[in-house]
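Right, one structure below, let's go through it.
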Amino acid sequence: MKGKEKKNKKSIIILIVLLIVIILCLIGYICYDTFSSMNDTKSDNETTEVVDKTEKSEESEIKHITIDSPEVKAAMKAFEMINITPSELYNSKGYNIDNISNYDLVSTGLHNLVSNSNDGSGLSKYVAYCISEKSQLKDAIPVSELNKGLDKYLDKKITVDTIKGLNKGASYSMAQYEVSDIGIILEGDKMRLIGPCGAIFQGEPYQEKKTIAAEMSNDELYVYEKVAFGIYDDASKEGNPVASFYKEFSGKTKVSSGLKDWNEYNTYKYTFKISNNSYYFQKYELSDK
């Protein structure tokens, strides 16, 4: 009996040892699998992060270009084809082309009528200047004429509703609306245009500008310029008006050195979107450059 009991105890001990070994193996396997998965996940995250950083680096790479480069000249020429009211452009909160007013949109369309006049007649081809009666008006032209060439500079269209969205009233008795000294008579989907008798003094303040830097990324161009705001004084010199210069459009901070030190003035930043080798103005804002 004692021999049999010893044999049973030995078998139980062996079984317990085997169970312990199996349990330890299972624990080891679980730990190894968990650790391996964590490393794989970390490796994947690191790889993704490296790729993301590379892509971000490529997307945001900005290089300096000269201010007289063809890119800057093309962009600024495109901007000059857009008529924006100075008080809106130089707003302290910045300007976004998506918010262009009906007035500025129509003004830009009129400006493009001049540039698209191949015979050099300018607006005189469409506008009756210095008239006193309706019989002197020129032929009505479709409102859609204002859109000719507009897509080169703006992702906007001028419609009859755009004209109707203008403030009513004009300095010309026959006109319903007035934009940039041009009176507009709306007739259905067409319009007749009236112009002044002579040159109109364009008030104040006016701007003196100096481009100081330009940068370019994959899809955007940035142009930086100093702007001095000139306001004519009551006094004149040899019959010509005299201007004082200020840092802001509002005329708050006068710069005593005039235009001798451009560092005294604020810097503004243009942002252009680059698409199909064309430059589309997007926004204008103060810069800390």
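Just the heavy atoms: all of them, side chains too, but no hydrogens, waters or symmetry mates, feed the values below. What you see is a predicted model; the values in this text were computed from it and never measured.
Between M191 and L193, some side-chain heavy-atom pair lies under the 4.5 Å cut-off. A heavy-atom distance below 4.5 Å is not found between the side chains of I182 and V106. The closest side-chain heavy-atom distance from C197 to Y129 is not below 4.5 Å. Side-chain atoms of S92 and F249, non-hydrogen and from C-beta on, never get closer than 4.5 Å to each other. Between I184 and E178, every side-chain heavy-atom pair lies at or beyond the 4.5 Å cut-off. The side-chain heavy atoms of L146 and L105, taken from C-beta on, include no pair separated by under 4.5 Å. Side-chain contact between I100 and L154 is present, with at least one heavy-atom pair separated by less than 4.5 Å.
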Item to check | Audit row: I65, L221, side chain to side chain contact (heavy atoms under 4.5 Å, CB included) steps and yes/no | outcome: CA-CA 10 Å; I65 58 175; L221 172 68; 3.5 Å; yes
Item to check | Verdict with reasoning, N112 to Y153, per side chain to side chain contact (heavy atoms under 4.5 Å, CB included) | outcome: CA-CA 10 Å; N112 277 274; Y153 317 107; 3.2 Å; yes
Item to check | Test log, rule side chain to side chain contact (heavy atoms under 4.5 Å, CB included), inputs D104 and V179 | outcome: CA-CA 8 Å; D104 288 344; V179 173; over 6 Å; no
Checklist entry - What do the steps show when you test V227 against E208 for side chain to side chain contact (heavy atoms under 4.5 Å, CB included), and what is the final call? => result CA-CA 6 Å; V227 181; E208 294 285 353; over 6 Å; no
Next on the checklist: Using ring-ring contact (aromatic ring centres under 6.0 Å, His included), reason through Y265 and F229 one step at a time and then give a plain yes or no.
Outcome noted: CA-CA 9 Å; Y265 295 95; F229 298 97; 8.4 Å; no
Distance-only donor-acceptor pairs under 3.5 Å for side chains of residues 276-288, two or more places apart:
| residue | atom | partner | partner atom | Å |
| --- | --- | --- | --- | --- |
| Q282 | NE2 | Y280 | O | 3.2 |
| Y284 | OH | E225 | OE2 | 3.4 |
| S287 | OG | K289 | N | 3.2 |

Show which side-chain atoms of residues 70-80 pair as donor or acceptor with protein atoms under 3.5 Å away, not counting sequence neighbours.
| residue | atom | partner | partner atom | Å |
| --- | --- | --- | --- | --- |
| E71 | OE1 | S69 | OG | 3.3 |

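For the 3.5 Å distance criterion, the side chains of S217 and E61 fail to qualify, holding no donor opposite an acceptor. In the model, N83 has no side-chain atom that pairs as donor or acceptor with a side-chain atom of T108 under 3.5 Å. When only modelled atom types and interatomic distance are considered, Y224 and E215 share a side-chain donor-acceptor pair under 3.5 Å. Under the 3.5 Å distance criterion, with hydrogens and angles disregarded, no donor-acceptor pair is assigned to the side chains of E248 and S250.
The closest donor-acceptor contact from the side chain of Q176 to the backbone of L186 lies under 3.5 Å. At distances below 3.5 Å, not a single donor-acceptor pair connects side-chain atoms of E264 with backbone N or O atoms of V255. No donor-acceptor distance shorter than 3.5 angstrom exists from the side chain of Y268 to the backbone of Y90, with no hydrogens or angles considered. Distance alone, capped at 3.5 Å, places no donor-acceptor pair between the E220 side chain and the M216 backbone.
The environment of D151 atom CG is dense: over 12 non-hydrogen atoms of other residues, nucleotides or ligands sit within 6.0 angstrom. Residue K156 qualifies as enclosed at atom NZ: its count of foreign heavy atoms under 6.0 Å is above 12. Enclosure of atom NZ in K210 is not indicated, since only 12 or fewer non-hydrogen atoms of other residues, nucleotides or ligands lie within 6.0 angstrom. No more than 12 heavy-atom neighbours from other residues, nucleotides or ligands sit within 6.0 angstrom of CG on D139. Around NZ of K138, the count of heavy atoms belonging to other residues, nucleotides or ligands within 6.0 Å exceeds 12.
Across A228 and L259, no two heavy atoms sit closer than the pair CB-CD2, 3.6 Å. For the residue pair K247 and N266, the shortest heavy atom distance occurs at O-ND2, 3.4 Å. The two residues A140 and K190 have their closest heavy-atom pair at CB-CB, 4.0 Å. The two residues A175 and G183 have their closest heavy-atom pair at CB-CA, 3.8 Å.
Screening residues 160-170 for side-chain hydrogen bond (donor to acceptor under 3.5 Å, both in side chains) gives T159-T162 as the qualifying pairs, with residues at least two apart or on separate chains.
With rounding to the nearest 0.5 angstrom, the OG atom of S132 is 4.5 Å from the CD atom of Q136. With rounding to the nearest 0.5 angstrom, the NZ atom of K134 is 9.0 Å from the CD1 atom of I194. Rounding to the nearest 0.5 angstrom, the gap separating the NZ atom in K63 from the CG atom in N218 is 9.0 Å. In this structure, I185 CD1 and L137 CG are separated by 4.5 Å, a value rounded to the nearest 0.5 Å. Remark: Y177 OH to N102 CG distance equals 10.5 Å, nearest 0.5 Å. To the nearest 0.5 Å, atom OG1 of residue T267 and atom CH2 of residue W262 are 10.5 Å apart.
Using a 30° and 60° split on the angle between ring planes, F245 and Y206 fall in the perpendicular class, above 60°. Ring geometry, Y270 versus F272: the interplanar angle falls under 30°, so the pair is classed parallel (tilted spans 30 to 60°).
Taking a cutoff of 4.0 Å between a charged side-chain nitrogen and a carboxylate oxygen, R192 and E187 qualify as a salt bridge.
Following chains of ILVMFWY side-chain contacts shorter than 4.5 Å, one can reach I212 starting from I62, so the two form part of one hydrophobic cluster.
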